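Structure, as structure tokens:
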Amino acid sequence: MKKVVLITGGSRGIGLGIAQKMAEAGFDLAINGMRNESDVLEVIENLKKLGVDVIYCQGDISKKEDRDSILEKIKKHFGKLNVLINNAGVAPKERKDLLEATEESFDYLISTNLKGPYFLTQSVANWMVGLKAENVDFEGTIINVSSISATVASVNRGEYCISKAGVSMATQLFAVRLAEFDIPVFEVRPGIIKTDMTEKVSQKYDDLIENGLCLTKRWGLPEDVGKTVTAIAQGNFLYSTGQVFVVDGGLTVARL
């Protein structure tokens, strides 16, 4: 029987790269995004062509009512959820120095990047615990997509770094709490990935990569993250709960 995966922010960027690789591996998909369903029909149809069942769950994960409606739609359609991938995230609308950043931007980043996935994980974890109680063979996994910004300081987007550091700790907390139920929790930490989020700073990173920023001398691609997430979701690392998988081309390797 196919496993079902929910990918937040799964209709574009890293999330879509994950969705494509998960579909290729045979997972049925629940894709969450902010856009109206009519705007993502082509994306959904292309994923269905890979031979899996796909539904779109529109909603803002920073809002409780939206999180509840996303899960309710999955319950009605699939009746279960095996994998949660907390991928949805936003960047600051305007990069500002740490000494000038606004509370409005901080609240916006924390609500979407940290509070949303934290409480979505809480809801899904309780559901998975119930599914496990009903069927001892049920397999559940939670994967948080964070960023190297969880540990690499960028003073012109401090709120982003703090939100991702919070996701990193949330991974450890849920890994500890869910261990008794044999539900592993992981963190995937991408580096510089070519998406619409990084498009505005592409020239900056083109130059940095050319001058040795990454050991692997190229941008990361959504499919690089997708391959890693899929390998984890397939159950290849069950003895590694709570661990971080860094997908950054060697950017964070300490060098002299």
Side-chain angles (χ1 to χ4, degrees), residues 1-37 40 43-44 46-48 50-90 112-132 135 138-146 167 170-171 174-175 178 181 183-188 190 222 225-226 228-235:
M1 186 176 292
K2 287 183 179 179
K3 291 184 179 180
V4 178
V5 54
L6 166 60
I7 307 169
T8 66
S11 66
R12 67 199 327 167
I14 289 175
L16 181 54
I18 293 170
Q20 289 168 334
K21 290 302 174 184
M22 295 288 280
E24 289 172 9
F27 287 82
D28 285 332
L29 307 177
I31 301 295
N32 157 255
M34 293 277 286
R35 292 180 287 172
N36 291 327
E37 187 162 4
V40 296
V43 170
I44 300 302
N46 286 337
L47 290 170
K48 286 181 177 179
L50 295 172
V52 296
D53 192 4
V54 186
I55 62 170
Y56 183 68
C57 305
Q58 193 275 337
D60 180 350
I61 61 164
S62 71
K63 299 176 180 177
K64 183 182 186 304
E65 58 271 25
D66 284 18
R67 295 193 300 269
D68 290 345
S69 92
I70 290 165
L71 295 184
E72 188 58 35
K73 186 169 184 178
I74 296 169
K75 287 176 183 178
K76 286 183 178 179
H77 188 85
F78 292 113
K80 65 176 183 177
L81 181 62
N82 299 96
V83 185
L84 167 63
I85 299 172
N86 285 307
N87 165 77
V90 294
T112 300
N113 293 0
L114 180 55
K115 187 187 81 171
Y118 184 88
F119 285 104
L120 181 60
T121 300
Q122 181 190 70
S123 295
V124 169
N126 279 302
W127 184 14
M128 286 182 173
V129 168
L131 290 170
K132 192 86 172 180
N135 178 9
F138 171 81
E139 296 178 355
T141 302
I142 295 168
I143 303 171
N144 293 325
V145 179
S146 64
V167 168
T171 302
F174 278 104
L178 296 178
F181 304 105
I183 298 173
V185 185
F186 306 93
E187 177 187 354
V188 172
V225 184
T228 302
V229 171
T230 301
I232 298 168
Q234 288 175 317

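Here the structure is a predicted model, which means the values were calculated and not measured.
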Side-chain polar contacts of residues 20-29 - donor-acceptor pairs under 3.5 angstrom, sequence neighbours left out - could you list them?
{"from": "Lys21", "atom 1": "NZ", "to": "Glu24", "atom 2": "OE1", "distance (Å)": "3.4"}
{"from": "Asp28", "atom 1": "OD1", "to": "Asp53", "atom 2": "N", "distance (Å)": "2.9"}

- Note on the structure: Hits for salt bridge (charged side-chain N to carboxylate O under 4.0 Å, His left out) against Lys64, two or more places apart or cross-chain, chain-then-number order -> Asp68
- Message: Nearest 0.5 angstrom please: Glu37 CD to Ser11 OG, how far?
- Response: 11.0 Å
- Item | Reported CG-to-OG1 distance for the pair Asp60 and Thr8, which is rounded to 0.5 angstrom | 11.0 Å
- Query: To the nearest 0.5 Å, what is the distance between NZ (Lys63) and OG (Ser69)?
  - Reply: 11.0 Å
- Which heavy atom in Gly226 sits nearest to a heavy atom in Thr230, and how many Å separate them? O-OG1, 2.8 Å
- Message: According to side-chain hydrogen bond (donor to acceptor under 3.5 Å, both in side chains), who are the partners of Thr228, at least two apart in sequence or on a separate chain?
- Response: none
What pairs of donor and acceptor atoms, side-chain ones from residues 116-123 against any protein atom, are under 3.5 angstrom apart with sequence neighbours left out?
{"from": "Thr121", "atom 1": "OG1", "to": "Asn86", "atom 2": "ND2", "distance (Å)": "2.8"}
{"from": "Thr121", "atom 1": "OG1", "to": "Pro117", "atom 2": "O", "distance (Å)": "2.7"}
{"from": "Ser123", "atom 1": "OG", "to": "Phe119", "atom 2": "O", "distance (Å)": "3.3"}

- Note on the structure: In short, Ala88 meets Asn113 closest at the heavy-atom pair O-OD1, 4.4 Å
- What are the two closest heavy atoms between Ile55 and Cys57, and how far apart are they? CD1-SG, 3.9 Å
- Going from CD1 on Ile142 to CG on Asn82, what distance comes out if it is rounded to the nearest 0.5 angstrom? 11.5 Å
- Query: If we only count heavy atoms from C-beta on, is the Phe174 to Val124 side-chain gap below 4.5 Å?
  - Reply: no
- Taking atom CE of Met128 and atom CG of Leu81, what is their separation to the nearest 0.5 Å? 4.5 Å
- Between Ala19 and Ile31, which heavy-atom pair has the shortest distance, and what is it? CB-CD1, 3.7 Å
- Message: Please check this pair: side chain of Tyr56 against backbone of Asn36, looking for a donor-acceptor N/O pair closer than 3.5 Å.
- Response: no
- Give the C-alpha distance, both sets of side-chain angles, the deciding distance and a yes or no for side chain to side chain contact (heavy atoms under 4.5 Å, CB included) between Ile18 and Val145. CA-CA 10 Å; Ile18 293 170; Val145 179; 4.0 Å; yes
- Query: Nearest heavy-atom pair of Pro184 and Gly140: which atoms, and what distance?
  - Reply: CD-O, 3.2 Å
- Item | Residue list, side-chain contact (heavy atoms from CB on, under 4.5 Å) with Glu139, at least two apart or on another chain | Lys3
- side-chain contact (heavy atoms from CB on, under 4.5 Å) partner of Asn87, chosen from Ile14, Asn32, Leu16: Ile14
- Has Lys2 got more than 12 heavy atoms of other residues, nucleotides or ligands less than 6.0 Å from its NZ? yes
- Taking the side chain as C-beta and beyond, is there a heavy-atom pair between Ile7 and Val229 under 4.5 Å? no
- What is the distance from atom CE of Met34 to atom OG1 of Thr112, rounded to the nearest 0.5 Å? 7.0 Å
- Item | Ile61 side chain near Asp66 side chain, heavy-atom distance below 4.5 Å | no
- Message: I'd like to check Leu71 versus Leu6 (side-chain heavy atoms, cut-off strictly below 4.5 Å). Are they in contact?
- Response: yes
- Query: With sequence neighbours excluded, what pairs up with Thr171 under the side-chain hydrogen bond (donor to acceptor under 3.5 Å, both in side chains) test?
  - Reply: Asn144
